[in-house]
Student: 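This is the structure I want to talk about, given as structure tokens.
Both ligands and their constituent atoms are indexed starting at 1 by order of listing.
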Amino acid sequence: MRRPTILVTGAQGQIGFELARLLLPHGEVVALDRAALDLADPDAIVAAVRGVKPALIVNAGAYTAVDRAETEPALAHAVNSRAPGIFAEEAKRLGAVLIHYSTDYVFDGTQTSPYPEDAPTGPQNVYGASKLEGECAIAAAGAHALVLRTSWVYGLRGRNFLLTIRRLAAERDELAVVADQFGVPNWSRALAEATARIVGAGLPALAARCGLYHLSCTGEASWHDFARAIVGAAPRPRIIPIATADYPTPARRPAYGVLATARFEAAFGFALPDWRKALANCVGSPAETA
Ligand SMILES: NC(=O)c1ccc[n+]([C@@H]2O[C@H](COP(=O)([O-])OP(=O)(O)OC[C@H]3O[C@@H](n4cnc5c(N)ncnc54)[C@H](OP(=O)(O)O)[C@@H]3O)[C@@H](O)[C@H]2O)c1
């Protein structure tokens, strides 16, 4: 049987980089980074999809600079709202399946128990609003699409909290870290592995399970908990808990963003590990620096 062609975007991003390798057993992977495909250019997206003619599109590219988005709303909208809608329209036209990622930042963060998929949304910043619009654009296109919301993505490459804390830990004796925002850290590779696993069941099976899912490790952490877990048993640096109010940022962040994952587990028959286990796996893994 002919292997399906799989188009991956954001190929140099945290999740996209892992996907480009992990999807290889499941098809002919065409992985496009920013230089190969500018997601802010609608014509380029249409040309890329029509040229590649994929059976599966995995859109891992996104505008993820949460603070900068406050001053670049048009670009955030183009990449996070318009581009996913175009991918969905093109997927529908081709009869392809679309997998797209979204975020816990679509929620307002006032809940104190894990958010199910159908909980009311209420983004608190431009990034969250642009991602929510992307979800809506995909739904409106009526393609075979799976939207996987996740949170607090980290890994051994790119820009993320793990690497920032490691760098600062080498420079300072004390780190002040926000202790009143709660969520779940997710290793990019665990998310990509889960994606590859659901793709591995076959595209018809995937198409039959279209919809919105929360894909996340289990457990719960504050940024302070996450920083402490990264630093581990080392006596230095001391990790000092602080309040969000003491660490002002351009974008407002939800205080709570834990995602309930029961729908994903029921549909696909597996769950991601506890976030501490995934973190241990990540820090014990060989660094991916390509
Ligand atoms: N990071 C998180 O904490 C987090 C949390 C929840 C959900 N998510 C979602 O998970 C998905 C993957 O995120 P990630 O963590 O892998 O993000 P990432 O590491 O920032 O990767 C995103 C990739 O998209 C690329 N990109 C940005 N603007 C582009 C453009 N105009 N044209 C082409 N490529 C462009 C980036 O390139 P440059 O590096 O050159 O900018 C980057 O390689 C996204 O949908 C994101 O919204 C992420």
Student: Where on Tyr105 is there a heavy atom closer than 4.0 Å to ligand 1, on the side chain, on the backbone, on both, or on neither?
Tutor: neither
Student: Say whether Thr103, considering both its backbone and side-chain N or O atoms, lies within less than 3.5 Å of an N or O atom on ligand 1.
Tutor: no
Student: State whether a side-chain donor-acceptor pair under 3.5 Å links Tyr63 with Glu72.
Tutor: yes
Student: Distance under 4.0 Å to a non-hydrogen atom of Tyr101: what atoms of ligand 1 satisfy this?
Tutor: 10 (O), 11 (C), 45 (O)
Student: Tell me the closest heavy-atom pair linking Asn186 and Ser151, and the distance in Å.
Tutor: ND2-O, 3.1 Å
Student: Between His214 and Glu265, is there a side-chain heavy-atom distance shorter than 4.5 Å?
Tutor: no
Student: Does the side chain of Arg252 come under 3.5 Å of the side chain of Gln124 through a donor N or O and an acceptor N or O?
Tutor: yes
Student: Closer than 4.0 Å to some heavy atom of Trp152 - which atoms of ligand 1 meet that?
Tutor: 3 (O), 5 (C)
Student: Does Phe161 have a heavy atom less than 4.0 Å from any atom of ligand 1?
Tutor: no
Student: If you measure every N or O of Gly16 against every N or O of ligand 1, does any of those distances drop under 3.5 Å?
Tutor: no
Student: Return the closest protein heavy atom for atom 22 (C) of ligand 1 as residue, atom name and distance.
Tutor: Ala62 O, 3.6 Å
Student: Which of the atoms of ligand 1 are close to Leu37, meaning less than 4.0 Å from one of its heavy atoms?
Tutor: 32 (N), 33 (C)
Student: Which residue owns the protein heavy atom closest to atom 21 (O) of ligand 1, what's the atom, and how far is it?
Tutor: Gly13 CA, 3.2 Å
Student: Return the minimal non-hydrogen interatomic distance between Val126 and Glu70, and the atom names on each side.
Tutor: N-OE2, 2.9 Å
Student: Who's the nearest protein heavy-atom neighbour of atom 15 (O) of ligand 1, and how far?
Tutor: Gln14 NE2, 3.0 Å
Student: Does this structure show an ion pair linking Glu135 with Arg149, if we count only N-O contacts that are shorter than 4.0 Å?
Tutor: yes
Student: For Ala88 and Ala141, work out which heavy atoms get closest and say how close.
Tutor: CB-CB, 3.5 Å
Student: Below 3.5 angstrom, do we get any N/O pair linking Ala60 and ligand 1?
Tutor: no
Student: Which one holds for Thr64 and ligand 1: side chain close, backbone close, both close, or neither close, with close meaning a heavy atom under 4.0 Å?
Tutor: side chain
Student: Would you say Val258 ends up clustered with Trp152 if hydrophobic residues are merged whenever their side chains have heavy atoms under 4.5 Å apart, either directly or through other cluster members?
Tutor: yes
Student: Just by modelled atom types, is the Arg209 backbone N or O under 3.5 Å from a matching donor or acceptor in the Tyr213 side chain?
Tutor: yes
Student: Quick check on Ser102 - does any of its heavy atoms sit under 4.0 Å from an atom of ligand 1?
Tutor: yes
Student: Pairs of nitrogen or oxygen atoms closer than 3.5 Å, one from Tyr63 and one from ligand 1: do any exist?
Tutor: no
Student: Pairs of nitrogen or oxygen atoms closer than 3.5 Å, one from Arg34 and one from ligand 1: do any exist?
Tutor: yes
Student: Of the protein's non-hydrogen atoms, which lies at the shortest distance from atom 32 (N) of ligand 1, and what is that distance?
Tutor: Leu39 N, 2.8 Å
Student: Near Gly61, which atoms of ligand 1 are under 4.0 Å from a heavy atom of that residue?
Tutor: 24 (O)
Student: Examine distances only and state if a side-chain atom of Arg21 and a backbone atom of Phe17 form a donor-acceptor pair shorter than 3.5 Å.
Tutor: no
Student: Quick one: does Asp180's side chain get under 4.5 Å of Trp223's, heavy atoms only?
Tutor: no
Student: Return a yes/no value for Asn59: is any of its N or O atoms, backbone included, closer than 3.5 angstrom to an N or O of ligand 1?
Tutor: no
Student: Checking side chain to side chain donor-acceptor pair (under 3.5 Å) for the pair Thr5/Glu28: CA distance, chi angles, key distance, verdict?
Tutor: CA-CA 5 Å; Thr5 300; Glu28 300 303 321; over 6 Å; no
Student: For ligand 1, which part of Thr9 has a heavy atom less than 4.0 Å away: the side chain, the backbone, both, or neither?
Tutor: neither
Student: Can you confirm whether the side chains of Ser113 and Tyr256 place a donor and an acceptor under 3.5 Å from each other?
Tutor: no
Student: Tell me yes or no: between the side chains of Gln14 and Arg159, is some donor less than 3.5 Å from an acceptor?
Tutor: no
Student: With a cut-off of 4.0 Å, which atoms of ligand 1 are near a heavy atom of Lys131?
Tutor: 44 (C), 45 (O), 46 (C), 47 (O)
Student: With nothing but distance in play, are any N or O atoms of Gly10 less than 3.5 Å from an N or O of ligand 1?
Tutor: no
Student: Between Ser188 and ligand 1, which part of the residue brings a heavy atom under 4.0 Å of the ligand: side chain, backbone, both or neither?
Tutor: neither
Student: Going by distance only, is there an N or O of Asp104 that falls short of 3.5 Å from an N or O of ligand 1?
Tutor: no
Student: Around atom 46 (C) of ligand 1, find the nearest protein heavy atom and jot down its residue, atom name and distance.
Tutor: Tyr127 OH, 3.5 Å
Student: Considering only protein heavy atoms, which is closest to atom 48 (C) of ligand 1, and at what distance to one decimal place?
Tutor: Val153 CG2, 3.7 Å
Student: Atom 6 (C) of ligand 1: which protein heavy atom is closest, and how many Å away?
Tutor: Thr150 O, 3.2 Å
Student: Please give me the minimum heavy-atom distance between Ile138 and Ala145, naming the atom from each residue.
Tutor: CG2-CB, 3.5 Å
Student: Name the closest protein heavy atom to atom 31 (N) of ligand 1, giving the residue it belongs to and the distance to 0.1 Å.
Tutor: Asp38 OD1, 3.0 Å
Student: Does only the side chain of Val79 get under 4.0 Å from ligand 1, or the backbone, or both, or neither? Count heavy atoms.
Tutor: side chain
Student: If we ignore hydrogens and angles and just use 3.5 Å, is the side chain of Asp33 paired with the main-chain N or O of Ala11 as donor and acceptor?
Tutor: no
Student: Going by the order shown, which atoms of ligand 1 are within less than 4.0 Å of some heavy atom of Ser151?
Tutor: 5 (C), 6 (C)
Student: Are Phe107 and Tyr115 an aromatic pair by the rule of ring centers under 6.0 Å?
Tutor: yes
Student: Check ligand 1 against Ala40 and write out every atom of the ligand that is under 4.0 Å from a heavy-atom position of the residue.
Tutor: 31 (N)
Student: Can you check whether Ile15 has an N/O within less than 3.5 Å of an N/O in ligand 1?
Tutor: yes
Student: Would you mind checking if Asp67 and Arg253 are paired as a salt bridge, meaning a charged N to carboxylate O distance below 4.0 Å?
Tutor: yes
